[in-house]
Asks: 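Encoded as structure tokens, here's the structure I'll be asking about.
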Amino acid sequence: MNGLSPEKMKPTTIQIACIISLFTLSNFVFSPAAKGQRKAASNQELRTGAEQLDQYLPMLKGKRVAMLANPTSIIGKSHLVDSLKNLGINIVKVFGPEHGFRGNASAGSQVADEVDARTKIPIISLYGKKNKPTKEDLADVDIMIYDLQDVGVRFYTNINALVRLMESCQESGIPLLILDRPNPNGYLIDGPILDMQYKSGIGMFPLPMSHGLTVAEFAQMANGEGWLTNKVKCDLKIVKVSNYTHDTPYTLPVSPSPNLNTQQAVLLYPSTCMFEGTYLNLGRGTYFPFTVLGSPELKGIYPFSFTPTSIKGMAETPLFMNQACYGLDLRNYDVSKLRESRKINLEWIMELYKAHPHKEKFFDSSLSREMGVIERLIGVGSFRQQIIDGKSEADIRASWEPGLSDYKKMRVKYLLYP
């Protein structure tokens, strides 16, 4: 190493500035993902919080840094952990959420602690023996970073992990730096507000199904509305997304989780995830989950079919495994219709219930461990009976008021973007 000491090998301020410039150049000239972001932002330079290194590197210099990260925590094609480590930032540990730090665990599967093979940094799982960092975990940490891509729905568990992380940071007296990212469903604010009697791991806060917030906006709401335990408030530092609005179409450069592996799935997710609470397969056990819906019992009613199989890291034991399922193919559905309507699609669940020959099975979660409970997904107790009774969409939507309208008014207080 030419006799240089480790201290002298650390990047200088000038070197860091040059590297920031190179990151910016590579992100917005060479990276296909970034090209998609620029196109999505109508040729404006949309930049995620993580990409704006100049905004937060000064906060990290000389600090012991921890972060909650997964494969979506990227700058261009480089993982944020690798990028910061290469810039001389002292990352002492990384916390991993559902699916793990490197994203190779199936939905709902417990994740063990490990040492990252690439960086040798300890990885502490928050989806296994514990779900939040302990004071001991944070004893050697000066600042925490949160950088996870979200998809804007109540039942996507990253926001649960965020609130628990906020609580841990508050307990340990350290700030939480949120590197914000666009919400690909940011335009959509719809669904009933969660009735807290149905609070669960897939719904912990009084939000509509699709909340229309970025993670930083949600964090501000959680602080402001007293959703942290004992209504404590976390010291938040936020790096906003530049040139972003809630109406900005945004194509995710990395799949946010193993079963949201296409842009079509991400945009259909607010409307199709409710089918986890029905006796239908929604594409788990295929390479196109959340874009098809079907059951063996719909044979002869629908011509389209697909066959779920065991897929490691995605769905090992899917509902109706190795059975042909008949139903709806939404892979080529025009998702611009959802944006135009600004509504979750209820027609599909109404249609499939009406078509199902064994209606007593449709919402019966006792039939399979792979099924969820519809009330926990939708968030209210009336929806099941409304579908059974053949209520109109207008009647169903009317039952969501005034909660939904009240939420929309409350939401305005916490917005960072138009």
Asks: Establish, from distance only, whether the side-chain atoms of Ser210 and Asn185 form a donor-acceptor pair under 3.5 Å.
Replies: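 Asn185 and Ser210 do not have a side-chain donor-acceptor pair below 3.5 Å.
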Asks: So, taking the atom named NE2 in His79 and the one named CG in Asp147, what distance separates them when rounded to the nearest 0.5 Å?
Replies: 8.0 Å
Asks: When you measure from the side chain of Ser310 to the backbone N and O of Glu316, does any donor-acceptor pair fall under 3.5 Å?
Replies: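 Indeed, once roles are kept as given, a pair shorter than 3.5 Å links the two residues.
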Asks: Output the distance between atom CZ (Arg154) and atom CE (Met204), rounded to the nearest 0.5 Å.
Replies: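 Separation between the atoms: 13.0 Å.
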Asks: Quiz question: by atom type and distance under 3.5 Å, do the side chains of Thr291 and Gln264 form a donor-acceptor pair?
Replies: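 On atom types as modelled, these side chains do not qualify, holding no pair under 3.5 Å.
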Asks: Ring centroid separation for Tyr269 and Phe155, is it under 6.0 angstrom?
Replies: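 Yes; Phe155 has its ring centre under 6.0 Å from that of Tyr269.
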Asks: Hey, is NZ on Lys391 packed in by over 12 heavy atoms from elsewhere, all under 6.0 Å?
Replies: no
Asks: Any Lys/Arg nitrogen of Lys93 or Asp140 sitting under 4.0 Å from an Asp/Glu carboxylate oxygen of the other?
Replies: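 Result for this pair is yes, salt bridge flagged.
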Asks: Return yes if a side-chain donor-acceptor contact under 3.5 Å exists between Glu370 and Thr317, otherwise no.
Replies: yes
Asks: For Pro256 and Val151, work out which heavy atoms get closest and say how close.
Replies: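 Looking at all heavy atoms of both residues, the closest pair is CG-CG1, 3.9 Å.
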Asks: Rounded to the nearest 0.5 Å, what separates atom CG in Leu194 from atom CG in Leu207?
Replies: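 Here the rounded value is 8.0 Å.
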Asks: Indicate whether any N or O donor in one side chain lies under 3.5 Å from an N or O acceptor in the other, for Asp137 and Thr134.
Replies: yes
Asks: Look only at the side chain of Glu276 and the backbone of Cys273, and say whether a donor-acceptor pair between them is shorter than 3.5 Å.
Replies: no
Asks: If I compare all heavy atoms of Gln149 with all of Pro184, which pair ends up nearest, and what's the gap?
Replies: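 Shortest heavy-atom separation between Gln149 and Pro184 comes out as NE2-CD, 3.7 Å.
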Asks: How many angstroms lie between CG in Asn223 and CG in Leu236, if you round to the nearest 0.5 Å?
Replies: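 Separation between the atoms: 5.0 Å.
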Asks: With the side chain counted from C-beta on, respond yes when Val163 and Leu228 share a heavy-atom pair under 4.5 Å apart, and no when they do not.
Replies: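 Of all side-chain heavy-atom pairs linking Leu228 with Val163, at least one is under 4.5 Å.
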Asks: Could you tell me whether the side chains of Asp334 and Ser336 share a donor-acceptor contact shorter than 3.5 Å?
Replies: yes
Asks: Is Asn261 close to Met314 at the side-chain level, that is, under 4.5 Å between some pair of heavy atoms?
Replies: yes
Asks: What distance do Arg384 atom CZ and Asp389 atom CG have between them, rounded to the nearest 0.5 Å?
Replies: 12.5 Å
Asks: Quick one: does any side-chain atom of Arg331 pair with a main-chain N or O of Phe288 as donor and acceptor, under 3.5 Å?
Replies: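 No; judged by distance alone, with no hydrogens or angles, the pair does not exist.
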Asks: Check for a donor-acceptor pair, side chain of Asn281 on one end and backbone N or O of Leu319 on the other, with a separation under 3.5 Å.
Replies: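 Here the side-chain-to-backbone pair exists.
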Asks: Counting C-beta onward and ignoring hydrogens, is there a side-chain heavy-atom pair between Leu268 and Trp348 closer than 4.5 Å?
Replies: yes
Asks: Can Leu162 and Ile178 be said to form a side-chain contact (heavy atoms from CB on, under 4.5 Å), step by step?
Replies: CA-CA 10 Å; Leu162 173 55; Ile178 298 180; 4.2 Å; yes
Asks: What closest approach, in Å, do Phe95 and Ala66 show between heavy atoms, and which atom pair accounts for it?
Replies: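 In this case the closest contact between Phe95 and Ala66 is CE1-CB, 4.0 Å.
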Asks: Over all heavy atoms of both residues, which pair between Ile349 and Phe363 is shortest? Give the atoms and the distance, please.
Replies: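 Heavy atoms of Ile349 and Phe363 come nearest at CD1-CE2, 4.3 Å.
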Asks: Are a donor atom and an acceptor atom from the side chains of Ser257 and Asn259 found within less than 3.5 Å of each other?
Replies: no
Asks: Provide the closest heavy-atom pair for Met274 versus Leu346 in the form atom of the first, atom of the second, distance.
Replies: CE-CD2, 4.0 Å
Asks: On the six-membered ring of Tyr417, is Lys240 placed so that its NZ or CZ lies under 6.0 angstrom from the centre and within 45° of the ring axis?
Replies: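 That pair qualifies as a cation-pi contact.
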Asks: With a 4.5 Å limit on heavy-atom distance, are the side chains of Leu252 and Leu260 in contact?
Replies: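 No. Closest side-chain heavy atoms not under 4.5 Å.
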Asks: Is Arg164 reaching over with its side chain to a backbone N or O of Asn131, donor-acceptor style, under 3.5 angstrom?
Replies: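 Checking the backbone N and O of Asn131 against the side chain of Arg164, a donor-acceptor pair under 3.5 Å is found.
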Asks: Look only at the side chain of Thr272 and the backbone of Phe290, and say whether a donor-acceptor pair between them is shorter than 3.5 Å.
Replies: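 Flag set: sc Thr272 to bb Phe290 pair under 3.5 Å.
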Asks: Just by modelled atom types, is the Asn160 backbone N or O under 3.5 Å from a matching donor or acceptor in the Thr157 side chain?
Replies: no
Asks: Would you say the ring centroid of Tyr279 lies under 6.0 angstrom from that of Phe320?
Replies: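 For Tyr279 and Phe320, the ring centres are under 6.0 Å apart.
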Asks: Near Lys359 NZ, under 6.0 Å, is it more than 12 heavy atoms from other residues, nucleotides or ligands?
Replies: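 Buried by this count: over 12 neighbours within 6.0 Å.
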Asks: If you measure from CG on Asn70 to CG on Leu80, what distance do you get to the nearest 0.5 Å?
Replies: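 The CG atom of Asn70 sits 11.0 Å away from the CG atom of Leu80.
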Asks: Please test Tyr250 against Tyr244 for ring-ring contact (aromatic ring centres under 6.0 Å, His included), starting from the C-alpha separation and ending with a verdict.
Replies: CA-CA 9 Å; Tyr250 180 68; Tyr244 169 74; 7.5 Å; no
Asks: Can you see which heavy atom on Val373 is nearest to which on Ser365, and at what distance?
Replies: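 Here Val373 and Ser365 meet closest at CG2-OG, 3.9 Å.
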Asks: Are side-chain heavy atoms of Pro357 and Ile301 found at a separation under 4.5 Å?
Replies: yes
